[in-house]
Each structure stands twice: as C-alpha cells, then as structure tokens.
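Written out below as structure tokens is the structure these notes cover.
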Amino acid sequence: MGFSLWHLFKAGLLMCNAFLILNRRRFLAKYGLDDMNSQHANASNNPLIQQAAGLLHAVQYLRVPVIAANILTIVFEVLIGG
C-alpha cells in the first residue's frame, strides 16, 4: 500500500464528510460563532478561530459535489478494489 493521489483524495473526502456532518449552529453556538455577521463586530476574537468557523460555514456549499464524489469513490472501490 503506497502513498498516492488516490489516497490523498480519499483523505480529503473523509475530512469534507466530517465537516459536513457537524451541526454548525449547535457546534459553533458554544463559542458564540454561529452567526457570521456578528463575528465582524467583535474584533477581539482569535483570527484562527474565525477562519475555522468560516470554513465550517463555507463547506456547507459543497454538499452536492461531496455526495457525487462519495458515490464515485464507492463505485470505484467496489469495481476496481483500489
């Protein structure tokens, strides 16, 4: 088992799936980051935390492409076993 682009693709797909299953409202509400508009008003927040919250908001737009990538990955794994 070697290190290849296919394995990197599957790892990235797993990370996208992990971000997509998080309920961002409930997860980010603990830190007061569930509303993106109110984040800009409070400049004392850590920029790294703000970027992570922005990533969780932005990844929601990738739902349909990730579902398609999941289907293609499953078909490829079943047919070729790669």
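Residues meeting the side-chain contact (heavy atoms from CB on, under 4.5 Å) test with Leu72, sequence neighbours left out: none. By the side-chain contact (heavy atoms from CB on, under 4.5 Å) test, Leu48 is found to be paired with Asn46, residues two or more places apart in sequence or in another chain being considered. In this view, Leu20 and Val59, Gln60, Arg63, Val66 satisfy the side-chain contact (heavy atoms from CB on, under 4.5 Å) rule, not counting sequence neighbours. For Phe9, the ring-ring contact (aromatic ring centres under 6.0 Å, His included) partners are Trp6, not counting sequence neighbours.
Val78 belongs to a hydrophobic cluster whose other members, connected by ILVMFWY side-chain contacts under 4.5 Å either directly or through intermediates, are Ile74.
In this structure, CG in Leu56 is found 6.0 Å from CG in Leu22, a value given to the nearest 0.5 Å. One distance of note links CG of Leu8 with CG of Leu13; it measures 12.5 Å at 0.5 Å rounding. How far CG of Leu14 is from CG of Asn70: 8.5 Å, rounded to the nearest 0.5 Å.
In terms of heavy-atom proximity, Ala18 sits nearest to Ile21 at O-CG1, 3.3 Å.
In this structure, Val75 is not a member of the same hydrophobic cluster as Val64, with clusters built from ILVMFWY side-chain heavy atoms closer than 4.5 Å.
The local environment of CG in Leu55 is crowded, with over 12 non-hydrogen atoms from other residues, nucleotides or ligands closer than 6.0 Å.
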